[in-house]
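Computed from a predicted structure; not experimentally measured. Reminder, nothing fancy here: chain letters follow the sequence lines and each chain counts from 1.
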Protein chains: 2
Amino acid sequence: MSQPLKVALAGLGTVGGGVVKLLDENRELIERRAGRAIEVVAVTARDRTRDRGLDLNRFAWVDDAATLAAAHDVDVVVELIGGSDGPALTLARETLAAGKPFVTANKAMIAHHGLELAGLAEQRGVALKYEAAVAGGIPVIKGLREGAAANEIAQVFGILNGTCNYILTEMEEKGSDFADVLAEAQRLGYAEADPSFDIDGVDAAHKLAILASLAFGTAVDFKNVAITGIRHVIAADIKEAAALGFRIRLVGQGEANTKGLFQRVHPCLVPLSHPLAHVSGSLNAVVAHGNFVGRLFFQGRGAGEGPTASAVVADLIDIARGETGPAFAMPVAALSRAEPASADDRRGRVYLRFTVADRPGVLAEIAAAMRDAGVSIESLIQRGAAADGNVLIAIVTHVAPEKSVTQALERLEGSQSLVASPMLMHILEE
Amino acid sequence: MSQPLKVALAGLGTVGGGVVKLLDENRELIERRAGRAIEVVAVTARDRTRDRGLDLNRFAWVDDAATLAAAHDVDVVVELIGGSDGPALTLARETLAAGKPFVTANKAMIAHHGLELAGLAEQRGVALKYEAAVAGGIPVIKGLREGAAANEIAQVFGILNGTCNYILTEMEEKGSDFADVLAEAQRLGYAEADPSFDIDGVDAAHKLAILASLAFGTAVDFKNVAITGIRHVIAADIKEAAALGFRIRLVGQGEANTKGLFQRVHPCLVPLSHPLAHVSGSLNAVVAHGNFVGRLFFQGRGAGEGPTASAVVADLIDIARGETGPAFAMPVAALSRAEPASADDRRGRVYLRFTVADRPGVLAEIAAAMRDAGVSIESLIQRGAAADGNVLIAIVTHVAPEKSVTQALERLEGSQSLVASPMLMHILEE
C-alpha cells in the first residue's frame, strides 16, 4: 500500500466538518477505493475555540490559512472557506504555486478566477479540482468533463440553487407567497439571513458559468451571464403556470452556437414533460444535450454537509489515484473565447403576467401592443378581480423573437392600465 | 501536442460504425479534450465486403481479431463484437496480455469474465474500461467508480434494458398486450428477432452485476442474480398498477448489508413519487443511495449507435489523458467476496394478480390463504368478469416477509379456483 494522501483542510464549517466525518466514517472503504489512506493532517478556521463536535486535537492547527500548503507535510489542500477573493484565493494561489493539488467547493472563486488558477495548476502540473462547487453531491463536473467528453454539447441546463428550488416548490405546494416562504426557509435554516446571493440568482450564475465552460470548451465567462432571480415570482404566477401545464423553476441555461455563447439564469416555465419540472424541494439537477449521447440528466442533493463532503472527497480520491488532468477538461489555452450571444437573436415562447385595473379597454390595449409588435397569443387566462380590485392577466405567447416581446412591453410602458410592472418569464422547451 | 492515440476497432456493427462516425465528426473537439488526437488505425469485422456506409479503406483490415493488438501499431483495442466468450474474450485476453489497454461495450463478457480481465489488466498495469457496457451513454460506471467513490453505497437500482422499458411504456400508453407490443418493437427494430436476452432479464442482470460490484466493492457475481423477465406482465397488470398509483418497470436491484449481497432483476411496481417511475420509452436510469451523498439519479439513452459510441469514446479519452485505474474501482484482491443474501429474509409490499373463475368462495379462499400465511391486504381491486368469463383480482399487500407471501401462494397451489398461475411483483419503495 502506498503512503497516505495527507490533506490540509481550510474551513471547518458545515462542509469542512462533513469532510472530517466522512473520512472517519468511510475510512476503510476509501482506502480500498483510493489505493491509499486519505488523512487530514492540518486544519485552519477562523475560530479555534468554537465547539464543532469534532476532535480537532489530532490535527495540526494553523492560524494563517495562506501558510497551510507550506507549513506542514501536506500533499493536497482543501479550501472550504468561501468567497471569490480574500483568504480563499490567496490560499489557492499559494498552494498551486507550491506545486500541490488544490480542491475547493468555492463556485464564486472558480467562476471569477478559475482560468487563472487552472493556468497556475497547468504550469505546475498539479490538479485543480472543484466537483463540490456545482450541484453539491452530483458528479456533474466529472459527468461533463469526462463522461460526456466525446460530445459536442449544444445546450446545458440546470437547477443549480437548492434554496430557490425549495422556495418555488413550497410556493407551488402551499400556494404561499414568496416572502412568507422565504421567511419560513430562513427560520428553518434553508435560506441565509442575507439570501440575496441565492434568490437573486448569483449563486446559480456562478455554477452555470462553470458548467458552460466544461460543456462547450469555452473560457469561463461569468460576467456575461444574464441574471434574473425569483423575487418577483408571485403565488398567482405559479398557479396560472400550473393551469397552463408548467412548473416554475430557476434555470441556468447555457447554449453555444455560431452566434456565440448564451448564458442566462432566470425563472422559467418548464413543461411537465421535461425532467426539470420534476426536480422538487432542495434537489439540484443538470441536463446536457450532446450530439451523440443525446440528453443526459443528473439529479441529486445540491448542498448540505453530506453531499458536498461526498464531492470534495471524490476529488481527493481522484488525486490519490493519480487521475487528474486539466481543470476545464482541456488546457486553458485550448479553451475558445466565445463572444457573448445576444438575447435579441433568440426566439421562444414566453409567459407574461399583467396586473391591471378592472376597467374596460385594458385587454384591448395589451392585445394591441402585442399585435403591433408581432407577438401572437397562444393562451390567456384572466380571472375576476381580486380583493384589491385588480385583475391578473396571464398570457403564453406563440414562438416569437424575444426582441418583439420586449417591444410589446415597451409599448405598454407608462400605460395607466397597468397597476404593476409586467412579469416576463421564458418557457423552457422540450 | 502528444502523439495520437492509435485505436484498433473489432466489430463494425451499429456501435462500431458509430465510433468511427463520432471520431470523425467530433475530431477537433476530442483532440482538445483528450490532449491528443484519437485515430482508428485498424479494424476487423466478420464480413469485409458489407456496405456499412463508411470509408474503411483508410484503416488497415485484419481478418483474425485475436491478432489485432499485436499486428499493428496499436495503442488500444476497442471490442464491439459481443458475446461473453469466443472471439471477444480471446481478443480481451490477448490485448491485455500484450500490455495494451482494452475498451469494451460487452456487458456479458464483463459480467462473466470481468474479474479475470481486471486481474490481467492490473498485472500489466493497463486499463480495462467498459463505460458502454452499462446504460449506454449514461456515465454511470464513472459515476459510481469515481463520482460516488467517497460513499458507502447501500442500494443501487436501475432501469437497464431499453427494450423492456420501451415495451412496458408502450403497454402503459396504449393498453396493448405484451405480445402485440413485442411484435411491433421487432418490426421497428427496437427488439431483436430473438428477444429473450432482453425480455427475460438476462441483459439487465449482466449490467446489474457490474453495477453492484462498483457500488458495493464486491466481486462481480452474476450467477447469483435472481432473474425474472417481463413475459408474464399483462395489460391488466399495468392498468391495475396505475389504478393503485404505480407504474411497472423492469428493475435491476442490488443491496449490500450484513446479510450479504442481494441482486435481483424483476418487474416491479414503482410508485409515481419515485424517479424511476418517470423513465419512459427506451431510456435507461440508475439510482444509487450513498451514506453521505444521499440519492443520486442518472438518466439518459441506454442503447443505440450515438449513446454507446459516446461512452466508448469517453473511455478512449480517459486513456488518452492517462486517467485510468483499477477496472472495478479497486484492485481485484481488495474486492470483498460477499455471500449471496437470501430473499427469504426480505420484507416488502407485493402486488399479486389472480385470474380466477367467476364463482362464489374464490375471494374467501385467497383471503384465507393470505391470512393463514400472515400476509395482510392493503388494497384489492376486483373487476367484473371479462369476455372469457374469468375474473381478475389485483392485490397490494402490506409490508410482509417475502417468505410469507411465498407461503400464501403455496397454499393456493392446485386450487380449482385459479384458472392461471398467479403473478407476483414486488413494490419498489421510495
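Considering only heavy-atom pairs separated by less than 4.5 Å from chain A, the leading option among B:Ala334, B:Gly306, B:Gly137 is B:Gly306. When each of B:Glu25, B:Arg145, B:Arg301, B:His278 is checked for heavy-atom pairs under 4.5 Å with chain A, B:Arg145 comes out on top. Each of A:Gly304, A:Gly322, A:Ala329 has some count of heavy-atom pairs under 4.5 Å with chain B, and the biggest count is that of A:Ala329. When each of B:Ser280, B:Ala150, B:Gly143 is checked for heavy-atom pairs under 4.5 Å with chain A, B:Ala150 comes out on top.
Residue A:Ile319 holds its CD1 atom at 8.5 Å from CD1 of A:Ile38, rounded to the nearest 0.5 Å. To the nearest 0.5 Å, the span separating CG on B:Leu261 from OG1 on B:Thr218 amounts to 5.0 Å. Separation of atoms OH (A:Tyr190) and OG1 (A:Thr163) is listed at 11.0 Å; rounding is to 0.5 Å. Note that the OG atom of B:Ser2 and the CD atom of B:Glu31 stand 9.5 Å from one another [nearest 0.5 Å].
Using modelled atom types, no side-chain atom of B:Glu39 and backbone atom of B:Val7 make a donor-acceptor pair closer than 3.5 Å. Of the possible polar contacts, none joining the B:Arg321 side chain to the B:Ala34 backbone as a donor-acceptor pair under 3.5 Å is found. Judged by distance alone, the side chain of B:Arg124 and the main-chain N or O of B:Gly119 form no donor-acceptor pair under 3.5 Å. A donor-acceptor distance shorter than 3.5 angstrom exists from the side chain of B:Arg247 to the backbone of B:Ala277, with no hydrogens or angles considered. Between the side chain of B:Ser282 and the backbone N or O of B:Asn165 there is no donor-acceptor pair closer than 3.5 Å.
Contact of the B:Val140 side chain with the B:Leu211 side chain is registered, since non-hydrogen atoms from C-beta on lie closer than 4.5 Å.
With respect to the salt-bridge test (charged N to carboxylate O, under 4.0 angstrom), the residues B:Arg249 and B:Glu172 qualify.
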With a cut-off of 3.5 Å and sequence neighbours excluded, list every side-chain donor-acceptor pair involving residues 15-23 of chain A.
{"from": "A:Lys21", "atom 1": "NZ", "to": "A:Glu305", "atom 2": "OE1", "distance (Å)": "3.3"}
{"from": "A:Lys21", "atom 1": "NZ", "to": "A:Glu305", "atom 2": "OE2", "distance (Å)": "3.0"}

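If you check the side chains of B:Asn26 and A:Asn291, you find a donor sitting under 3.5 Å from an acceptor.
Chain A is approached within less than 4.5 Å, heavy atom to heavy atom, by B:Pro307, B:Ser310, B:Val313, B:Ala314, B:Ile317 from residues 307-317 of chain B, ordered by number. Taking non-hydrogen atoms and a 4.5 Å limit, the residue list of residues 292-300 of chain A in contact with chain B, ordered by number, reads A:Phe292, A:Val293, A:Gly294, A:Arg295, A:Leu296, A:Phe297, A:Phe298, A:Gln299, A:Gly300.
The side chain to side chain donor-acceptor pair (under 3.5 Å) pairs that include a residue from residues 130-143 of chain B are A:Glu146-B:Lys142, B:Lys142-B:Glu146, B:Lys142-B:Asp318, where partners are two or more places apart or lie in different chains.
With a 4.5 angstrom heavy-atom cutoff, B:Ala285 does not touch chain A via any of its atoms. Heavy atoms closer than 4.5 Å to chain B are found in the backbone of A:Leu335, but not in its side chain. Residue B:Ser336 touches chain A through both its backbone and its side chain, counting heavy-atom pairs closer than 4.5 Å. At a 4.5 Å heavy-atom cutoff, the contact between B:Leu214 and chain A is made by backbone atoms alone. No part of B:Leu283 comes within reach of chain A, as not one of its non-hydrogen atoms sits under 4.5 angstrom from that chain.
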